[in-house]
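Report on the structure given below.
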Protein chains: 2
Amino acid sequence: MTARVSDLDAHLGYWLRFVSNHVSQSFARRLQDRDVTVAEWVAMRRLFDEAGVAPSLLAERIGMTRGAITKLADRLIDKELVARRPDPQDGRAQILVLTARGRALVPELAALADDNDAEFFRSLTAQERRGLRRLLERLVDQNELKIVPVD
Amino acid sequence: MTARVSDLDAHLGYWLRFVSNHVSQSFARRLQDRDVTVAEWVAMRRLFDEAGVAPSLLAERIGMTRGAITKLADRLIDKELVARRPDPQDGRAQILVLTARGRALVPELAALADDNDAEFFRSLTAQERRGLRRLLERLVDQNELKIVPVD
DNA sequence: TATTGTTATACTCTATAACTATA
DNA sequence: TATAGTTATAGAGTATAACAATA
């Protein structure tokens, strides 16, 4: 009876993290030309669908804390991709909206996301890609993964 | 012809990142009780197999820059889990080794990694787990993913 | 009192590059 | 001159908590 100490690569979590980090880093490099980070892309894509989102709601949607959203929004405002407006109905509240420049940029960034995904997963068949997606979605469901910024 | 702007969840990279982040965060929480981060665990697990590794080699093995390894080693040394020794053969070189405490801790951390993986992927059948692993390994091979710290 | 958003602090990780000491 | 390692700086992300303004 030897005490077994499992290898790093014995865990699915290890492989998932390894592959995921490479996909994200590859995407981040593509976004770098447009001076946008992955987190900024996610926020912008959300604001593209739903114009005028409160920072606290955006935080909930993309799983960041409110403090983190403030910093992220500050950066996007510096780049003139997003604007902050007072909420007419609630004196405490703010509303985040894409600027014209920001809105025009989203389709370009979406194309970069498409390219990145297509290139990275090109070696899988359509069936394998569907299978992988279903598996990941099941893991999300069955582990009850929620986007919950602890705040 | 409408210009299609793909959704965030249209990409496999999105799901991979979402699931991977949850697995890693869950593991990080388990490690927190032992005051160890995921990156620290990876370094310690490497040093467990291969006693006396040069920082530059460790950097290569786990995909961090040399500067990052120095900082990580500093933290582990503060916690008395790792020691730094001069290389007798090369006056410039250093060697990193686990302390007795560090060595004793590795099997406990490995057990936490096992638990985390088992819990997270419990809803998959053994066959699905094998399939997922094979798919991830194929993506690593076919995208020629290497552990390369740009330095 | 509770909520909205900001601000501040601190820590991890990453990246880049300058620096030292040895080779 | 090249290499090993450290050090410094900066940016991004996370977490926590305090705070002002408003509800």
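Order of the sequence lines fixes the chain letters, A, B, ..., with proteins taken first and strands second; residue numbering starts at 1 for each chain. What you are looking at is a predicted structure, and each value in this text was computed from that prediction instead of being measured.
Between B:L76 atom CG and C:dT12 atom P the separation is 11 Å, expressed in whole Å. Atom CD1 in B:I95 sits about 13 Å away from atom C1' in D:dG5, given to the nearest Å. Rounding to whole angstrom units, CZ of residue A:R29 and C1' of C:dA15 are separated by 13 Å. If you take CG of B:D90 and C1' of C:dT20, they are 14 Å apart, rounded to a whole angstrom. Separating the CD atom of B:Q32 from the C1' atom of C:dC11 is a distance of 11 Å, rounded to the nearest angstrom. Put simply, CD on B:Q25 is 15 Å from C1' on C:dC11, counting in whole angstrom units. Across the protein-nucleic acid pair, A:K79 atom NZ and D:dG11 atom P stand 12 Å apart, rounded to whole Å. Here the P atom of nucleotide D:dT14 and the CZ atom of A:R75 are 10 Å apart, to the nearest Å.
Here the side chains of A:N143 and B:H22 are not in contact, with every heavy-atom distance at 4.5 Å or above. Contact of the B:R92 side chain with the B:D87 side chain is not registered, since no non-hydrogen atoms from C-beta on lie closer than 4.5 Å.
A donor-acceptor contact shorter than 3.5 Å links the side chain of A:R129 to the backbone of A:F121.
Taking 4.0 angstrom as the limit, A:T37 places a side-chain polar atom (N or O) nearer than this to OP1 or OP2 of D:dG13. Between B:R66 and C:dA17 there is no side-chain polar atom (N or O) within less than 4.0 angstrom of OP1 or OP2. An OP1 or OP2 oxygen of D:dT14 is reached within less than 4.0 angstrom by no side-chain nitrogen or oxygen of A:T65. Contact annotation: B:R84 does not reach the phosphate of D:dG5 (side-chain N/O to OP1 or OP2, under 4.0 Å).
Side-chain proximity of A:Q94 to the nucleotides C:dT12, C:dG5, C:dA23 is greatest for C:dG5. Set against D:dT22, D:dA2, D:dT6, the side chain of B:R92 has D:dA2 as its closest nucleotide. You'll find that the side chain of A:A93 is closest to C:dG5, out of D:dG5, D:dA12, C:dG5.
Counting atom types as modelled, B:K71 pairs a side-chain N or O with a base atom of C:dT14 as donor and acceptor under 3.5 Å.
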**Request:** Show your reasoning for whether side chain to side chain contact (heavy atoms under 4.5 Å, CB included) applies to B:R103 and B:M44.
**Result:** CA-CA 8 Å; B:R103 177 154 287 272; B:M44 290 179 68; over 6 Å; no
**Request:** Apply side chain to side chain donor-acceptor pair (under 3.5 Å) to A:H11 and B:D114, showing your working.
**Result:** CA-CA 7 Å; A:H11 305 106; B:D114 294 342; 2.6 Å; yes
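Nearest-nucleotide positions on DNA chain D place B:A73 closer to the 5' end than the other of B:A73 and A:D35.
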